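Please read all numbers here as calculations on a predicted model, not as lab measurements. Chain identifiers are assigned alphabetically (A, B, ...) following the order of the sequence lines, protein sequences preceding nucleic acid strands; residue numbering begins at 1 within each chain.
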Amino acid sequence: MPLTLATWNINSVRLRMPLVEKFLDQWQPDILCLQETKCPNDQFPSSPLNARGYVHQAIHGQKGYHGVAILSKIPLDDHTKRDYCNVGDSRHVSALFKVNGRTIRLHNFYVPAGGDEPDRAINPKFGHKLDFIEEMKHLDAEGEAETSSILVGDLNIAPYENDVWSHKQLLKIVSHTPVETEGLKEVMARGKWLDLIRHRTPEPEKIYTWWSYRSANWQLADKGRRLDHIWSSADLGPHLTSTEIVREARGWDRPSDHVPVIIKLDI
DNA sequence: ATGGTTGAGCATCAA
């Protein structure tokens, strides 16, 4: 049975609902995970989603900042959320779903960006990011009996050399510093997670999912980073049939600075 | 080395 799953940092779900609708109509994923919805739960624009069959929604938002949501055509059970670092941010939500008799735990993350200065002694936001990553090291892809796992989201770290436009020039730039990239690799190793996008498209091929608003001519300069990820437990690896980075979405009218990342599994 | 843009919500802060 085919399963299509997408993740997208939307940078305000209310402002960009027309783009969400366009994406859903054209790509028709079974499940869409959003980050940076910037929207309180009671103001979430559910109607256009219900009209398209995404009637199963695990929404965890807050006013003004952060916010994550799982929007699904497949029934979701056991919605849970975890307050990483105990600071009250809406940065994680998870749910269970079933495909062809297999139970899958889906985690949707929005990891803190970490500010500009990669030194926790002078930048508390960077310390918060490192603490968040440390806490993620306890998340095991095989942690629940008889359950596969998928982890998606804006992890705000580009872990490999070819996840950025220039490895050397970004080594001291937050998102690609060694303490972050090694930390994220440790999250993957300890939790036995498989990076499905790199599994399909190994290094040294460049992959980007984000281009800054601050550089004019993003397309020509192409100074991107791979900040958005889809991981799974190892058992799902052989079921991966395709991956896609929807680069064209960066060129849509009033775009997010992130683009959708999609996997297809045959389960 | 610096500055560049966007969004929430109304002065800045976060990214």
On a whole-Å scale, what distance lies between the P atoms belonging to B:dG9 and B:dA14?
-> 15 Å

Nearest-nucleotide wise, let me know which of A:Y65 and A:K38 is further upstream toward the 5' end of DNA chain B.
-> A:K38

Taking only Lys NZ, Arg NE, NH1 and NH2, and the carboxylate oxygens of Asp or Glu, determine whether A:D77 and A:K98 approach each other closer than 4.0 Å.
-> no

Nearest-Å distance, CG (A:N217) to C1' (B:dT5)?
-> 14 Å

For B:dA14, take OP1 and OP2 only and decide whether either is under 4.0 Å from a side-chain N or O of A:K125.
-> yes

Between A:R214 and A:G64, name the one whose nearest nucleotide on DNA chain B is closer to the 5' end.
-> A:G64

For A:D154 and B:dG7, what is the distance between atoms CG and P respectively, to the nearest whole Å?
-> 16 Å

Say you pick atom C1' in B:dA1 and the same atom in B:dT12; how far apart are they, in whole Å?
-> 25 Å

Among B:dA8, B:dA15, B:dT6, the one nearest any side-chain atom of A:H66 is B:dA15

Whole angstrom is fine here: how far is it from CD1 in A:I10 over to C1' in B:dG7?
-> 13 Å

Between A:D222 and A:R247, is there a salt bridge with N-O shorter than 4.0 Å?
-> yes

Between B:dA8 and B:dG4, how far is it from one P atom to the other, in whole Å?
-> 22 Å

Does a salt bridge link A:K185 with A:E182, judged by any charged N lying under 4.0 Å from a carboxylate O?
-> no

Atom pair distance, as rounded to whole Å: CD in A:Q169 and P in B:dT2 | 17 Å

B:dA8 P sits how many Å from A:N11 CG, rounded?
-> 7 Å

A:E36 CD to B:dA15 C1', straight-line distance once rounded to whole Å = 6 Å

Can you tell me how far C1' of B:dA15 sits from CZ of A:F126, to the nearest Å?
-> 15 Å

Taking atom C1' in both B:dG3 and B:dA15, what distance in whole Å separates the two?
-> 15 Å

A:N9 CG - B:dA14 P separation (whole Å) = 17 Å

Carboxylate-amine/guanidinium proximity below 4.0 Å for A:R226 and A:D195 = yes

Quick one: ring pair (Phe, Tyr, Trp, His ring centres under 6.0 Å) pairs with a partner in residues 69-91 of chain A, sequence neighbours left out?
-> A:Y84-A:H92, A:Y84-A:F109, A:Y84-A:F132

For A:H229 and A:P159, which heavy atoms make the closest approach, and how far apart are they?
-> CE1-CD, 3.5 Å

Residues of residues 245-260 of chain A with a heavy atom under 4.0 Å from any atom of DNA chain B, listed by number, are A:R254

If you look at every strand shown and take non-hydrogen atoms under 4.0 Å, does A:R225 touch a base, only sugar-phosphate, or nothing?
-> nothing

Can you tell me how far C1' in B:dA11 sits from the matching atom in B:dG7, rounded to whole Å?
-> 14 Å

Is it true that a side-chain atom of A:D83 and a backbone atom of A:G88 form a donor plus acceptor pair closer than 3.5 Å?
-> yes

Under 4.0 angstrom between A:R14 side-chain N/O and B:dG7 OP1 or OP2 | no

If we take the C1' atom in both B:dC10 and B:dT6, what is their distance in whole Å?
-> 16 Å

Heavy-atom pair with the smallest gap, counting every atom of A:A158 and A:T181 = O-CG2, 3.4 Å

